[in-house]
J.: 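One structure follows; several queries about it will come next.
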Protein chains: 2
Amino acid sequence: MPEGLCANDIAKLENIISATRRVKRGETLFRTGDRFDSLFAVRSGSIKTVVTHDGGREQVTGLLLAGDALGFEGIEEGVHTCDAIALEDSSVCVVPYTLFERMCRETDALQRRLHRMMSHAMNREVNHVVRLGLLRADERVARLLLDLSSRLSRRGYASSEFTLRMTRDDMGSYLGMTLETVSRTLSRFDKAGLIEAQGKFIRIRDFEALRAV
Amino acid sequence: MPEGLCANDIAKLENIISATRRVKRGETLFRTGDRFDSLFAVRSGSIKTVVTHDGGREQVTGLLLAGDALGFEGIEEGVHTCDAIALEDSSVCVVPYTLFERMCRETDALQRRLHRMMSHAMNREVNHVVRLGLLRADERVARLLLDLSSRLSRRGYASSEFTLRMTRDDMGSYLGMTLETVSRTLSRFDKAGLIEAQGKFIRIRDFEALRAV
DNA sequence: CGAGAATTTGATGATGATCAAACATAGTGG
DNA sequence: CCACTATGTTTGATCATCATCAAATTCTCG
């Protein structure tokens, strides 16, 4: 989290975000309608955000990994507009918003960091829109795998091998397609030698081909 | 723009955002790759944001009306990540970002306002994701019409009658479908008495039925 | 007013949804 | 720790929605 902040600032920041919260797999960090008063940063594990549309249909709108921040959607109305659900046992830093806002007024490096994080979150959503609006089913799946791969490798994990934390149903919801189509697409990629897929375990065998899907 | 700001603050703010820029229909306010140094607020007219995917396919990611702010996507990397194109002759306020950021540090009401605007922009994108991921073609068209209607009425225009500023192609791109499907859907809504659609002119005849599509 | 752009409508086909059933996996309680 | 049950996954068959291709109008703006 540091970078651009002096030691003194970091100390103040750590004081504010001292609280850590643990969320077990399947439990919610916050729910639609909950009062917004903190931002969160994933410390370990992974979290999905879900919007429930009238009629019960659910859309997974975000997949957050260690280091990712969430909760910004609640700023607008002071109320959270989605559910945040742990995909595995996870822990998050709790950042009380009012205090954090005040600190951002005092420290420009922190302010810049916050704005970049929010801008980043927006760009993530825009990418998601492009994925859903422009790509075919197999392209979407390929992009999700490559996306996860690069995000995991940036976090120090192997880029070509990982274990999905979400179900086929979650993937389908995230990608705007059914779980069956996700499953079929992965099987096809497997048979074509692009990946190795056995259940939740994925190994990417041919990055170039996957990018070219 | 005021509310929550004292007269003195407003004067300072107006000093910063004094510049207005005119953009003719079809012209770009900024382009992908342009250096980011200002936020913009639509003063009059309307603007679309477009992301061009490798392969030339284009996705309309946003539709901005008078009062809407844009440009936040550029904060993250200091470079704009989409094109902003005027749908009609428009004018925008130019808000130099560094100055504005400084002012936000001095005035908490302004800071809160900025954060709410960014949060609002995020929620807009999330709604867009839900629309693309969860709704069928006719539901998407209905939602777009209702969305435009309510946004226009909030701006003091009639809610049941308006003239689209975009082409069928733009609508299709925004909604993740082809222009033909948009056209057919509007024709069907027209025949069913939900709306009256002649070219770019739209009159909503039955809000309830449109919401229930 | 005329030419290029946008829209409408039709015919056809492909992609992905839905329904269904067998199979695998993981989580739980005895 | 194992067996059992829930839940999740795979695969097949069929069908609906929407994309594509095509052609006839209709706008609109220079």
Side-chain angles (χ1 to χ4, degrees), chain A residues 24-27 48 55-60 85-89 131-145 163-192 195-202 213, chain B residues 24-27 48 55-60 85-89 131-145 163-192 195-202 213:
Chain A
K24 287 222 170 97
R25 175 200 156 97
E27 287 182 357
K48 66 175 176 180
R57 287 182 289 180
E58 289 187 349
Q59 171 74 34
V60 173
I85 301 170
L87 289 168
E88 60 190 311
D89 293 0
R131 206 170 354 211
L132 294 178
L134 226 44
L135 304 187
R136 288 195 325 272
D138 53 351
E139 298 176 305
R140 293 182 207 174
V141 173
R143 292 264 310 237
L144 173 60
L145 295 179
T163 300
L164 294 168
R165 262 45 235 239
M166 69 205 95
T167 65
R168 298 287 187 263
D169 203 3
D170 287 330
M171 293 175 76
S173 171
Y174 183 71
L175 296 174
M177 52 205 258
T178 58
L179 68 97
E180 291 95 329
T181 302
V182 173
S183 176
R184 274 186 247 275
T185 304
L186 290 173
S187 298
R188 197 145 17 88
F189 285 174
D190 187 315
K191 266 169 213 134
I195 66 172
E196 201 175 302
Q198 25 198 351
K200 295 216 162 33
F201 174 81
I202 301 283
V213 163
Chain B
K24 287 221 169 100
R25 176 200 154 94
E27 286 182 357
K48 66 174 174 180
R57 288 183 288 179
E58 289 188 349
Q59 170 75 33
V60 173
I85 301 170
L87 288 168
E88 61 190 309
D89 294 358
R131 207 171 352 212
L132 294 178
L134 226 45
L135 305 186
R136 288 195 323 271
D138 54 351
E139 297 177 305
R140 293 183 208 173
V141 173
R143 292 265 310 239
L144 174 59
L145 295 178
T163 301
L164 295 168
R165 263 46 235 238
M166 70 205 96
T167 65
R168 298 286 186 265
D169 203 3
D170 286 330
M171 294 174 76
S173 172
Y174 183 72
L175 297 174
M177 52 205 259
T178 59
L179 67 98
E180 292 95 329
T181 302
V182 173
S183 177
R184 274 186 247 274
T185 304
L186 289 172
S187 298
R188 195 145 18 88
F189 285 174
D190 187 314
K191 265 168 214 137
I195 65 172
E196 201 175 303
Q198 27 199 348
K200 295 215 159 38
F201 174 82
I202 301 283
V213 163

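Since this is a predicted model, take the numbers as computed values, not measurements. Below, all heavy atoms of this structure are taken into account, side chains as well, without hydrogens, waters or symmetry copies. Labels below follow one simple rule: chain letters A, B, ... track the order of the sequence lines, proteins then strands, and each chain is numbered from 1.
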J.: Got A:T185 and A:M177 here, is their nearest side-chain heavy-atom distance under 4.5 Å?
T.: yes

J.: Hunt down the Watson-Crick or G-U wobble partner of D:dA24, both distances under 3.5 Å, from any strand shown, or write none.
T.: C:dT7

J.: Is there a side-chain contact (heavy atoms from CB on, under 4.5 Å) between A:L179 and A:M171? Walk through the geometry before answering.
T.: CA-CA 7 Å; A:L179 68 97; A:M171 293 175 76; over 6 Å; no

J.: How far apart are the closest heavy atoms of A:R140 and A:L175, and which atoms are they?
T.: NH1-O, 2.8 Å

J.: What does the B/S/- profile of nucleotides 3-13 of chain C look like, 5' to 3', with a 4.0 Å heavy-atom cutoff to protein?
T.: ---SSBBBB--

J.: At a heavy-atom distance below 4.0 Å, which nucleotide of DNA chain D is the first touched by chain A, and which is the last?
T.: D:dG8 to D:dA13

J.: Quick check on D:dA6: syn or anti? Syn means the glycosidic torsion is within 90 degrees of zero.
T.: syn

J.: I need the full list of salt bridge (Lys or Arg N to Asp or Glu O under 4.0 Å) pairs touching residues 170-184 of chain A, with sequence neighbours left out, sorted by first then second residue.
T.: A:K48-A:D170

J.: Determine which nucleotide pairs with D:dG8, using a 3.5 Å limit on both distances of a Watson-Crick or G-U wobble pair.
T.: C:dC23

J.: So, B:K191 and B:E196, do they make that salt bridge, N to O below 4.0 Å?
T.: no

J.: Evaluate the side-chain contact (heavy atoms from CB on, under 4.5 Å) criterion for residues A:D138 and A:F189: first the C-alpha distance (whole Å), next the side-chain angles of each, then the deciding distance (0.1 Å), finally the verdict.
T.: CA-CA 9 Å; A:D138 53 351; A:F189 285 174; 4.0 Å; yes

J.: Rounded to the nearest 0.5 Å, what separates atom OG1 in A:T181 from atom CZ in A:R136?
T.: 13.0 Å

J.: So that I can tick it off, tell me whether A:E88 and A:R25 are bridged by a salt bridge, with the cut-off set at under 4.0 angstrom between side-chain N and carboxylate O.
T.: no

J.: Indicate, with a heavy-atom threshold strictly under 4.0 Å, whether B:G176 touches base, sugar-phosphate, or nothing.
T.: sugar-phosphate

